[in-house]
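Just so we're clear, the structure is a prediction, and the values are computed from it rather than from any experiment. Reckoned from all heavy atoms, side chains included, excluding hydrogens, waters and symmetry mates. Residue numbers begin at 1 in each chain, while the letters A, B, ... track the order of the sequences.
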Amino acid sequence: MAVAFAIVRMKDLFAVIMLSGIYGLLSASFFVAMDAVDVAFTEASVGAGISTLLMLVAITMTGRTENPSRHKPLLALAVVFVTGSLLIYGTLDMPYFGLATDPVHQHVAPRYINDSMQEVGVPNIVTSVLASYRGFDTFGEVVVIFTAGMGVLALLSVVRKPKDMAEIDLINKSMHEEHLILRIVAKIMIPFILLFALYVQFHGDFGPGGGFQAGVIFAAAIILYSMLFGMSTARKVINQSYIQLFAAIGVLLYGSVGVISLLNGKNFLDYNALSADPVAGQHLGILLVELGVGFTVTSVMVIIFFNFAGRRNDQQNKENNDL
Amino acid sequence: MILGLYNYWIVVVLMMVGFYIVIAHGNLIKKIVGLTIFQTSVFIFYISMAKVDGGTAPILAEGITQYSNPLPHVLILTAIVVGIATTALGLALAVRIKEAYGSIEEEEIQTKDNLDC
Amino acid sequence: MLAHLPILQVIVPLMAAPLCLFLTRSRLVWLFALIASGAAFLISVLLLQQVMASGTIIYELGGWDAPWGIEYRIDQLNALLLLIISAVSTVVLFAAHTSIKEEIPADRHRLFYILYLLSLAGMLGIVATADAFNVFVFLEISSLSAYALIALGKDRRALWASYQYLIMGTIGATFILIGIGLMYQMTGTLNMYDLSQRLPEVDNSRTVFVAFTFVIVGVCLKLALFPLHLWLPNAYAYAPSIVTAFFAATATKVAVYLLIRFTFSIFGLSFSFTALPLQMLFVVLGLLGIFVASFAAIYQTNAKHLFAYSSIAQIGYMIVGFSVSTTTGLMATLLHLFNHALMKSALFLALAAVVYRIGSVQMNQFHGLGRQMPLTMAAIVIGGLSLIGVPLTVGFVSKWYLVLATIENGWWPVTVLILLGSLLAIVYVWRIVEAAYFKPAIVGRENIKEAPMSFLVPIWTLVIANIYFGIDTRLSVQVAQSAAQSLFGVNP
């Protein structure tokens, strides 16, 4: 809570963003304490990781400090007070925290806990609910990520002239001395990060993990590489138009699994239709679907970062040319 | 009663802090930070709901009989992703606005717009 | 395949969107998007036929029965909305290729179509589903693509309008999420039908009351109900013209649908109108919306702003119909949903044509257009007449039912106010007519031609539909009546 109040008061946006990253990490630890391990994993990587990163890139372009506001925030305080009181009023009839007899634990949840092993065959119940029982919601979520990627492309993409190899070599040499230690360490670490991402992707059935977390970690490795070796090198390694196609392939993979179920006569995203043995079908379905998620999340995170960074490079080039 | 509900009250306070930042502050980036805090607090609320005293993480394992509720976990995973998508778009807009208006303070932007009309 | 229509309705545009990335030529992408939207329209027609003939359709996603899985429930109400959304989308897309040539840079065209299809799929998904959390997910899909589409406008104010819409829209969506969470906490389920069964047991608790409030406020933000309408005028005015034509006819209608669905089907009629003084609240806010917005419309210099404020007023009418809470009142709201979609999409498409030809929508640039762009201006005139509620147009039909509903309820002052609102509409429509027909043409602009066929065909399709449904009201009235009756029947 102290973190939240501090954010209200501070004017230096860099500090504000760091504090919001801390808020994210604190929430993630809270989630662990509440037994929500998958959620904690995702919040730590997404909420504390990517979110902080993007905000920092944004303020390199928009400025670091906030202007002090001149008017008194009375109306805002009033609105907040009314909303808060309403919420607290609402909590007065709530079932108490943590009781096993609460309504939330009665109706829908028991089947997931008791029957998911026979019906889906995967130990991580969150994965079975996410990818199978409520798989359509997850499909929607993948589409949300895809939409954000397309939106950022529409807003920030810059038409770039390809730099030739000689120029890139020059940039590389100049950066080499400055960041020598970082580069060497990164070269050692990046393969391990990628390996860890693959582990998280495929182990999501048995422990915390799955497509989203894996996708973010994979993207983080690529982003690390491009931060240390320069955007131009990174762009040669990761072709921009291919990565957009990759994002589309993820969504289409997820959707196609559903369409195959349709063609086999069952409802959309019914994995029982994918194989003679329903449980094997479930396993296959979850595997493919999580893969689709991983593809799209990786690509979109990389697209978003590249476009933010690319925009900044573009601005800097313009300034250099003007001088 | 307070012991049973204090968890939720703290969450409400956090939500309101985030909400206040969004509506009271004029800097576009700060608003987005406030929005993130607001949303994260809602996630904390959902996850508190899911906890069962004496339960463990909902991963089936030998010897464990009491599990916490997996459904809110699934919902919040989705909501976190939605949140980052919104943040990314909001930040992209803020960057473009800075380029177009030269400022990301709400008051300065309104003044420039009024001059235009 | 027929059994799978409900999911195909959403999947077809949803998967068409990423497929667009594999095509490179902008014309091909446009054709592909048009086909996808047309397919969605055909599916919605089939669905409506099926629902009118045999009742509610239930579809279980993933093969899991609700409430453990997500299900789609199509009844008369959603079928009507699916039809409206997909129809408007297809007609508007027809003109899109020409319109965006002037308003959006060429390298963004492909992204435009992708975002458009995503927005369409998002809206269809909100309407078709029977799972409360699924609503939230698809609401965000349609909202995020909307923010991006609006920001594609040429003027830099489009960026600011989009940002404001993003902030207000996300607050609204988060409120809805809080409401859903509270409902889940008290009942343990997310399925709409299941909620309607379980909420009555707990509905005297304060938590459910708060849940209801948050959901209603969140939905009203998206609806642009006065005083939560502040994001709408700028968003409609500065977005690319074709985007406004699509959203003006669909986005707020989806929010009205959510309002009806949450109050009637989930919380139940008796609870919704006793927990909060909703009748009084909505009648007052609706009427305020009508008057404030209509007055604001009269003083606008930008034609898009004028019609944006007019839209806020029309939503006010819909909310008044809803507040009467009788079958006739709800019928009036649903009819106005349908009619307003027809009217506003035609009007904004015509404005898009004007922008295409003269590059501006300032009213003082309209002088002489009555002669230079006769067909386009005639469409605007008919659309305006429909807004006022002149007989033989579709606007008359919904106003008629609205007045009937208020009279049936004995609310005479409200009836008078509704009629006064129509008078205000006459004033702002006259401003356009006067500018276009009764002022001498601007010098140096003699060679403005009529709008190209790619605009005229969709505009006049909508105008003719406007007149047709104004004269032969059987189809729309039948569907609206059936939907209203079934909604009242479920929760007496």
**OP:** Determine the option with the most heavy-atom pairs under 4.5 angstrom with chain A, choosing from Leu115(C), Val10(C), Leu149(C).
**Re:** Leu115(C)

Original post:
Do the two ring centres, one from Tyr72(C) and one from Phe268(A), sit under 6.0 Å apart?
Top reply: no

Original post:
At a heavy-atom separation under 4.5 Å, does Leu61(C) approach chain A through its side chain, its backbone, both, or neither?
Top reply: both

Original post:
Roughly how far, to the nearest 0.5 Å, is CG of Leu117(C) from CE of Met150(A)?
Top reply: 12.5 Å

**OP:** Return the minimal non-hydrogen interatomic distance between Arg134(A) and Asn134(C), and the atom names on each side.
**Re:** NH2-N, 4.3 Å

**OP:** May I ask you to test the Thr147(A)-Tyr147(C) pair for a side-chain heavy-atom distance under 4.5 Å?
**Re:** no

**OP:** Would you mind telling me which of Gly250(A), Gly258(A), Gly140(A), Ser261(A) has the largest number of heavy-atom pairs within less than 4.5 Å of chain C?
**Re:** Gly140(A)

**OP:** Could you tell me which residues satisfy side chain to side chain contact (heavy atoms under 4.5 Å, CB included) with Leu287(A), sequence neighbours excluded, listed by chain and number?
**Re:** Phe202(A)

Original post:
How long is the span from the CG atom in Leu153(A) to the CZ atom in Arg110(C), to the nearest 0.5 Å?
Top reply: 9.0 Å

Subject >> Interchain contact, Glu141(A) with chain C, by part (heavy-atom threshold 4.5 Å) >> reply: backbone

Subject >> Residue part contacting chain C, namely of Tyr254(A), when any heavy atom lies under 4.5 Å >> reply: neither

Original post:
Roughly how far, to the nearest 0.5 Å, is CG of Leu262(A) from CG of Leu8(C)?
Top reply: 6.0 Å

**OP:** Count the heavy-atom pairs under 4.5 Å between each of Val251(A), Ile249(A), Val259(A), Leu245(A) and chain C, then report the option with the highest count.
**Re:** Leu245(A)

**OP:** Could you tell me which non-hydrogen atom of Ala148(C) sits nearest to which non-hydrogen atom of Gly151(A), and how far apart they are?
**Re:** CB-CA, 3.8 Å

**OP:** Mind ranking Asp131(C), Leu152(C), Leu144(C), Thr129(C) by heavy-atom pairs under 4.5 Å with chain A and telling me who comes out on top?
**Re:** Asp131(C)

Subject >> Proximal component of Phe138(C), with respect to chain A [non-hydrogen, under 4.5 Å] >> reply: side chain

Original post:
Is the centre of the Trp64(C) ring less than 6.0 Å from the centre of the Tyr133(A) ring?
Top reply: yes

Original post:
For the candidates Val217(C), Asp194(C), Thr213(C), Asn191(C), which exhibits the highest count of non-hydrogen atom pairs separated by less than 4.5 Å from chain A?
Top reply: Asp194(C)

Original post:
Can you say whether Leu118(C) sits under 4.5 Å from chain A via the side chain, the backbone, both, or neither, judging by heavy atoms?
Top reply: side chain

**OP:** Examine whether an atom of Phe112(C) lies under 4.5 Å from a heavy atom of chain A, and if so say whether it belongs to the side chain, the backbone or both; otherwise answer neither.
**Re:** neither

Original post:
Between Ala248(A), Gly255(A), Ala154(A), which has the largest tally of heavy atom pairs under 4.5 Å with chain C?
Top reply: Ala154(A)

Original post:
Can you check whether Leu252(A) reaches Phe22(C) side chain to side chain, under 4.5 Å on heavy atoms?
Top reply: yes

Subject >> Reported CD1-to-CZ distance for the pair Ile11(C) and Phe136(A), which is rounded to 0.5 angstrom >> reply: 5.0 Å

Original post:
With side chains defined as the heavy atoms from C-beta onward, is the minimum distance between Glu60(C) and Asp270(A) less than 4.5 Å?
Top reply: no

**OP:** Grab the two heavy atoms, one from Ser157(A) and one from Arg108(C), that are nearest each other, plus how far apart they are.
**Re:** OG-NH1, 3.1 Å

Original post:
How about Ile141(C) and Phe146(A): do any of their side-chain heavy atoms sit closer than 4.5 Å?
Top reply: no

Subject >> Atom pair CG (Asp137(A)) and CD1 (Ile70(C)), whose distance is rounded to the nearest 0.5 Å >> reply: 3.5 Å

**OP:** Check whether Ile104(C) gets within reach of chain A through its side chain, its backbone, both or neither, counting any heavy atom under 4.5 Å.
**Re:** neither

